[in-house]
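Accompanying notes for the structure given below.
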Amino acid sequence: MNAGPVGGPGRDALAALRDGRIGGAEARLRAATRLLEGTFLQELFKAMRETVPDGGAPSGGAGEDIFTGMLDQHVADAAAMRSQRGLGEALYRRFASAAGAGAPETEAGPASGKVGG
C-alpha cells in the first residue's frame with residue numbers, strides 16, 4: 001500500500017475497509033485487527049511523548065504538535081501493517097477462532113490458539 005502525503009498505510013486500509021474494497025471475511029477481519037493495532041500503537045507513542053520533560057530546545061508550538069501527531073500516526077500504522085506477531089495478529093487469531101473458522105493459518109504459520117505466540 002502506498003502512503004499518501006497525509007494519510008498512510010493504515011488510512012488507506014481504513015478507506016478500503018469502509019468502501020468494501022476488501023473482500024472476504026478473513027481479509028476484512030485481518031485489516032480491522034491491524035487497524036486496531038495501529039490505533040493502539042499511536043496512543044502508546046502519544047503516552048510515551050508525554051513523559052518527555054519540556055525544556056531544552058525551543059518549542060515548535062502548534063505546528064510541531066501537529067507534525068508529531070501525524071508522524072506518530074504514520075509510524076504506528078506502518079508498524080501495524082507489517083507486523084506478523086503483534087497485537088493485531090493475536091486479535092485476528094482469537095476472533096477468527098471465535099467465529100468458528102477453527103485455527104486459522106496466519107502469515108507466520110499455524111495458529112497455536114495462544115495469545116502472544
Can you check side-chain contact (heavy atoms from CB on, under 4.5 Å) on T68 and K46, steps first, answer last?
CA-CA 9 Å; T68 301; K46 180 180 172 185; over 6 Å; no

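F45 and V52 sit in two unconnected hydrophobic clusters of ILVMFWY residues. Membership requires side-chain heavy atoms under 4.5 Å apart, directly or through other members.
Applying the side chain to side chain contact (heavy atoms under 4.5 Å, CB included) rule to A32 yields the partners L17; only residues at least two apart in sequence or on another chain are considered. Applying the side chain to side chain contact (heavy atoms under 4.5 Å, CB included) criterion to F40, with sequence neighbours excluded, gives L87. In this structure, the side-chain hydrogen bond (donor to acceptor under 3.5 Å, both in side chains) partners of R49, at least two apart in sequence or on a different chain, are D72.
Although no hydrogens or angles enter the test, the distance criterion places a donor-acceptor pair under 3.5 Å between the side chain of S97 and the main chain of R94. Remark: the backbone N or O of A79 is not paired with any side-chain donor or acceptor of S83 at under 3.5 angstrom. Listed for the R30 side chain is no donor-acceptor partner under 3.5 Å among the backbone atoms of E26.
Rounding to the nearest 0.5 angstrom, the gap separating the CG atom in L35 from the CG atom in D77 is 7.0 Å. Here the straight-line distance linking atom OG1 of T39 with atom CG of L44 works out to 12.5 Å at 0.5 Å rounding. Summarising the geometry, atom CE belonging to M70 is positioned 13.0 Å from atom CG belonging to D65; distances are rounded to the nearest 0.5 Å.
Shortest non-hydrogen contact noted between R28 and I22 is CG-O, 3.2 Å. Heavy atoms only, all atoms of each residue included: G38 and A76 are closest at O-CB, 3.4 Å.
Contact annotation: the side chain of E89 approaches that of R34 to within less than 4.5 Å [non-hydrogen atoms, C-beta and beyond].
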